[in-house]
2 protein chains.
Amino acid sequence: MEALRKFNANTRGAIRESNEMRLLQAAETVFAARGFSGATTAEIATRAKLPKANLHYYFRTKAELYRAVLANVLELWLDELDRFTSDREPTEAIAEYVAAKLNWSRKRPNASKVFANEVLHGAPFLKAYLSNDLRRRVEDKSEVVRHWIAQGKMRPLDPKHFFFQLWAVTQHYADFDVQVRAVLGRGRLTDQDFATAAENITALILHGCLVPARTRPA
Amino acid sequence: MEALRKFNANTRGAIRESNEMRLLQAAETVFAARGFSGATTAEIATRAKLPKANLHYYFRTKAELYRAVLANVLELWLDELDRFTSDREPTEAIAEYVAAKLNWSRKRPNASKVFANEVLHGAPFLKAYLSNDLRRRVEDKSEVVRHWIAQGKMRPLDPKHFFFQLWAVTQHYADFDVQVRAVLGRGRLTDQDFATAAENITALILHGCLVPARTRPA
DNA sequence: GTCTATATATGGATAGAC
DNA sequence: GTCTATCCATATATAGAC
């Protein structure tokens with residue numbers, strides 16, 4: 001009896017978790033493809049293979065589901081900058097960060113698109129996050145960049161704009177993938193395309209931001 | 001009599017032109033802020049100070065109005081690469097192009113946003129343009145870059161990815177302006193902000209892509 | 001917890017008077 | 001050419017049976 005109750009509870013809990021997960025995944029795909037307004041709960045439910053009413057059972061409103069998707073996306077963004085510390089060599093820290101960001105663009109393009117769409121349309125759900133968490137985080141990491149500049153390892157650039165440029169070039173391959181594919185003449189971006197992108201971006205950023213070794217003070 | 005007919009015709013023509021213009025401007029603003037699905041013809045009409053039925057008189061459907069807005073936007077994009085020619089010094093051509101693109105981000109952020117939104121959601125209206133016109137144009141201009149590389153003036157980079165990176169960093173200031181403003185702590189981006197952006201981007205691209213003069217073959 | 005049927009709202013589009 | 005009133009489709013959300 002006790003075992004059965006527990007079993008049922010676990011089963012129900014597992015079903016809930018599984019259904020919520022499927023809804024979140026489906027929602028990320030649909031929100032990425034159509035934006036918040038363009039996405040319909042019907043399409044999300046269909047893609048998750050659940051009746052529409054169930055979607056509203058797990059997430060009361062479309063906005064609530066959207067918030068949950070955004071929260072998932074921010075988890076990816078968060079802490080990606082953690083390894084950006086002043087005790088490291090800028091070359092390595094920057095190259096690693098570029099590779100990591102570009103990797104997210106390849107593996108989770110929809111996450112990037114949902115975020116891009118949100119910001120593009122004025123960040124109605126994320127204004128507070130951008131002005132508080134993100135802003136503070138960039139302030140922090142700007143100190144690291146200033147340290148490397150003071151050491152004569154980086155050119156005297158503006159740290160915040162430096163981060164804007166890193167984000168722009170790496171997220172471009174997710175957000176504008178249709179354009180990238182059209183220009184490259186690809187049905188979809190291959191591993192080789194991403195490898196080429198990584199090489200080019202890394203070279204651009206490192207040559208563009210670092211002081212060449214031979215001109216540094218000894 | 002003749003004069004009156006002409007006057008009326010001109011007046012009617014002038015009204016038409018004025019109304020269409022106002023609708024197009026209003027539509028660009030609303031499509032930029034809300035996307036295609038999120039935009040309502042009611043809001044566009046209100047912003048243009050016209051009754052909603054008039055909007056449908058000038059542009060039969062919302063999609064037709066959207067197409068017209070996109071066509072306007074593409075005019076800005078087109079021919080911006082014209083001055084990218086192999087007889088020029090790459091330093092100048094690139095610096096000029098960056099400045100021009102960034103200037104559009106400042107003056108017509110909504111045009112950039114409408115385009116970004118269209119591409120972000122799979123370019124349902126612009127697929128053909130991207131695969132034909134744009135692709136050919138980039139092929140052409142890639143030759144220019146290859147020429148400069150062969151001359152030893154530019155590093156051996158991939159020309160197409162080079163253009164992706166130029167677009168990414170310059171359009172970022174229009175498309176992600178909310179994020180940029182949040183991080184910089186600005187209500188709106190100032191001329192000074194754009195000047196700083198221009199300096200940083202130009203330095204990044206030139207140092208990142210050009211071969212320093214002293215190491216070039218004489 | 002699941003799902004059918006439906007209430008309710010919104011928005012694109014048009015008919016028809018002026 | 002202009003605008004009011006309205007049609008109709010679509011979409012969010014929920015009630016209520018199972």
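Quick note on labels: first sequence line is chain A, next is B, and so on, each numbered from 1.
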Subject >> B/Gln25 and B/Thr29: side chain donor to acceptor below 3.5 Å >> reply: no

Original post:
What's the OH-P distance between A/Tyr66 and D/dT12, to the nearest Å?
Top reply: 15 Å

Subject >> Whole angstrom value for the distance that separates P of D/dT12 from CG of A/Leu23 >> reply: 14 Å

Original post:
Per the end-axis method with five pairs at each terminus, what is the bend angle of the helix from C/dG1-D/dC18 to C/dC18-D/dG1, to 10°?
Top reply: 10°

Original post:
What pairs with B/Arg47 under salt bridge (charged side-chain N to carboxylate O under 4.0 Å, His left out), at least two apart in sequence or on another chain?
Top reply: none

Original post:
Heavy-atom count around A/Glu20 CD within 6.0 Å, excluding the residue itself: above 12?
Top reply: yes

Subject >> Between C/dT2 (C1') and A/Lys49 (NZ): distance, integer Å >> reply: 18 Å

Original post:
So which heavy atom on B/Leu76 is nearest to which on B/Ala111, and how close?
Top reply: CD1-CB, 3.8 Å

Original post:
Counting only heavy atoms not in B/Arg186, do more than 12 sit closer than 6.0 Å to its CZ atom?
Top reply: yes

Original post:
Over how many whole Å does the gap from A/Leu55 atom CG to C/dG1 atom C1' extend?
Top reply: 15 Å

**OP:** Would you kindly give the CZ-to-P distance between A/Phe59 and C/dT2, to the nearest whole Å?
**Re:** 13 Å

Subject >> Between A/Gln179 and B/Trp167, a side-chain donor and acceptor under 3.5 Å >> reply: no

Original post:
Of all the nucleotides listed (D/dT2, D/dA11, C/dT2), which has the minimum atom distance to the side chain of B/Ile15?
Top reply: D/dT2

Original post:
Parallel under 30°, tilted from 30 to 60°, perpendicular over 60°: which one fits the rings of A/Trp77 and A/Phe115?
Top reply: tilted

Subject >> Atom-to-atom span, CD1 of A/Ile44 to P of D/dA11 - whole angstrom >> reply: 12 Å

Original post:
Centre of A/Phe36's six-membered ring, under 6.0 Å away, within 45 degrees of the axis: is that where NZ or CZ of A/Lys62 sits?
Top reply: yes

**OP:** With sequence neighbours excluded, tell me which residues meet side chain to side chain contact (heavy atoms under 4.5 Å, CB included) with B/Ala116.
**Re:** A/Leu120, A/Phe176, B/Asp175

Original post:
Is the phosphate of C/dG1, meaning OP1 or OP2, less than 4.0 Å from a side-chain N or O of A/Asn19?
Top reply: no

Subject >> Integer-rounded Å distance: C/dG12 P and B/Leu65 CG >> reply: 11 Å

Subject >> Contact letters for nucleotides 13-18 of chain C, in which S counts primed atoms plus P, OP1 and OP2 and B counts the base, heavy atoms under 4.0 Å >> reply: BB----

Subject >> Gap between atoms CD and P, on B/Glu43 and C/dT10 respectively (whole Å) >> reply: 14 Å

Subject >> Option from A/Arg188, A/Lys113, A/Arg106 for which salt bridge (Lys or Arg N to Asp or Glu O under 4.0 Å) with A/Asp177 holds >> reply: A/Lys113

Subject >> Positions of residues 24-39 of chain B (non-hydrogen atom under 4.0 Å from DNA chain C), listed by number >> reply: B/Ala39

Subject >> Partners meeting side chain to side chain contact (heavy atoms under 4.5 Å, CB included) with B/Thr202 (sequence neighbours left out) >> reply: B/Ala95, B/Val98, B/Leu206

